[in-house]
Amino acid sequence: MGMKISPSSPSRPGSAGAERGDLRRTALLVAAMVVCGVAALWQATMGFRVVSTEEGRRLAIAESPLALVPAQLVLPGSRVAALPALLAGDGRVAVVTFFYARCNAVCSVQGSELQQMQREILARGWQDKVRLLTISFDPRDTAADLTAYAGRMRAEPSVWQFAAVPDAGQRRALLEQVGIIVLPAALGEFQHNAAFHIVGRDGRMSRVVDYEQPEAALQAALEAAR
């Protein structure tokens with residue numbers, strides 16, 4: 001008995017047109033997604049000029065210097081000062097860093113670099129041009145903690161000062177404005193970005209230099225002081 005073969009079903013009218021329409025809609029959707037992705041990348045990289053958020057914040061500060069938000073600072077000896085008034089009108093350019101006193105990682109490296117920077121400032125007689133200010137972002141750091149840390153660093157108060165921001169709202173506002181990211185870590189530690197921030201006589205932050213380039217940071221401060 002022979003095999004019976006059914007005839008092929010004829011194509012329905014308009015099915016080819018519908019398929020072409022589906023392909024066009026898919027192509028348009030893909031194109032729209034690509035455009036949106038490129039636009040987002042353009043914005044995130046500031047016009048393809050940076051490849052990381054850290055580079056982005058540095059470029060943004062260089063192009064638009066920051067007038068620092070007001071914050072009440074506590075210094076060693078329980079002295080109180082206001083930011084940015086502490087920096088503005090001092091007649092010196094400040095190299096500002098952010099840290100926490102219990103840090104055993106990047107803060108220690110940055111502290112050593114600041115020690116060397118302090119020695120250079122004193123040796124060259126630049127203390128009337130440049131100062132150092134290290135601000136804690138750890139709510140646990142007290143005036144006593146800052147005093148102890150300054151002692152370990154052999155900080156000369158006329159050149160290098162330490163401060164904490166007791167008010168949580170002011171501390172958060174300052175960190176967000178400057179672009180300091182602080183993430184809780186194990187054993188009461190923090191993960192955070194680090195750099196040297198150059199603040200001019202007018203109290204505006206105008207440049208950010210990598211924490212592994214203390215010489216460049218000091219040179220940038222001296223240039224700003226001229």
Side-chain angles (χ1 to χ4, degrees), residues 66-122 126-185 187-205 211 214 217 221:
L66 294 175
L68 296 177
V69 297
Q72 197 76 4
L73 305 179
V74 173
L75 291 81
S78 299
R79 291 177 294 130
V80 177
L83 191 70
L86 177 65
L87 299 177
D90 176 76
R92 294 182 289 177
V93 173
V95 179
V96 179
T97 51
F98 295 85
F99 89 126
Y100 66 108
R102 295 166 178 79
C103 182
N104 295 311
V106 66
C107 297
S108 298
V109 175
Q110 189 167 255
S112 297
E113 301 290 7
L114 287 166
Q115 282 182 315
Q116 178 58 37
M117 197 177 292
Q118 176 181 249
R119 284 194 291 270
E120 187 75 6
I121 291 170
L122 291 171
W126 291 334
Q127 56 266 40
D128 61 336
K129 296 181 175 64
V130 182
R131 64 184 299 189
L132 310 176
L133 176 63
T134 299
I135 302 174
S136 170
F137 53 72
D138 188 346
R140 299 170 297 180
D141 283 345
T142 64
D145 293 323
L146 299 178
T147 299
Y149 193 90
R152 292 199 301 273
M153 293 291 103
R154 298 181 180 178
E156 171 55 52
S158 64
V159 176
W160 188 5
Q161 290 182 300
F162 293 81
V165 188
D167 184 88
Q170 293 180 355
R171 185 171 59 250
R172 182 170 55 253
L174 177 61
L175 295 178
E176 288 179 356
Q177 182 195 35
V178 177
I180 301 299
I181 299 172
V182 180
L183 301 174
L187 303 176
E189 299 283 336
F190 293 99
Q191 292 181 348
H192 63 99
N193 52 333
F196 298 107
H197 305 80
I198 311 303
V199 179
R201 295 189 182 98
D202 59 357
R204 290 178 177 269
M205 185 174 292
Y211 79 94

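Nothing fancy with the numbering, it's 1 onward along the sequence. Only a predicted model underlies this, so the values are computations on that prediction, with no experimental measurement involved.
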Donor-acceptor contact below 3.5 Å, side chain [X] vs main chain [Y]:
X: Gln170; Y: Val165; answer: no
X: Gln177; Y: Val69; answer: yes
X: Gln191; Y: Leu183; answer: no
X: Asp138; Y: Cys103; answer: no
X: Gln118; Y: Arg154; answer: yes

Find the distance between [atom1] ([X]) and [atom2] ([Y]) and round it off to the nearest 0.5 Å.
X: Ile121; Y: Ser158; atom1: CD1; atom2: OG; result: 10.0 Å
X: Trp160; Y: Thr97; atom1: CH2; atom2: OG1; result: 7.5 Å
X: Asp141; Y: Ile135; atom1: CG; atom2: CD1; result: 12.5 Å
X: Thr134; Y: Tyr149; atom1: OG1; atom2: OH; result: 7.5 Å
X: Leu132; Y: Gln127; atom1: CG; atom2: CD; result: 11.0 Å

Can you see which heavy atom on [X] is nearest to which on [Y], and at what distance?
X: Asp128; Y: Arg92; result: O-CG, 3.2 Å
X: Met153; Y: Phe162; result: CG-CZ, 4.3 Å
X: Val74; Y: Leu146; result: O-CD1, 3.5 Å
X: Ala101; Y: Arg152; result: O-NH2, 3.8 Å
X: Pro84; Y: Pro70; result: CD-CA, 4.2 Å
X: Gly91; Y: Arg201; result: O-NE, 3.1 Å

Could you tell me whether the side chain of [Y] reaches within less than 4.5 Å of the side chain of [X], counting heavy atoms only?
X: Phe98; Y: Val178; value: yes
X: Arg102; Y: Phe190; value: no
X: Ile198; Y: Val93; value: yes
X: Leu87; Y: Arg131; value: yes
X: Pro214; Y: Gln116; value: no
X: His197; Y: Ile180; value: yes
X: Leu114; Y: Phe196; value: yes

### Task
For His192 and Phe99, run side-chain contact (heavy atoms from CB on, under 4.5 Å): C-alpha distance rounded to whole Å, both residues' side-chain angles, the deciding distance at 0.1 Å, then the answer.
CA-CA 9 Å; His192 63 99; Phe99 89 126; 5.5 Å; no
### Task
Give the intermediate values and the outcome of side-chain contact (heavy atoms from CB on, under 4.5 Å) for residues Leu133 and Val199.
CA-CA 10 Å; Leu133 176 63; Val199 179; over 6 Å; no
#### Entry: Phe137 and Tyr100 aromatic ring geometry - parallel, tilted or perpendicular at 30°/60° bounds
tilted
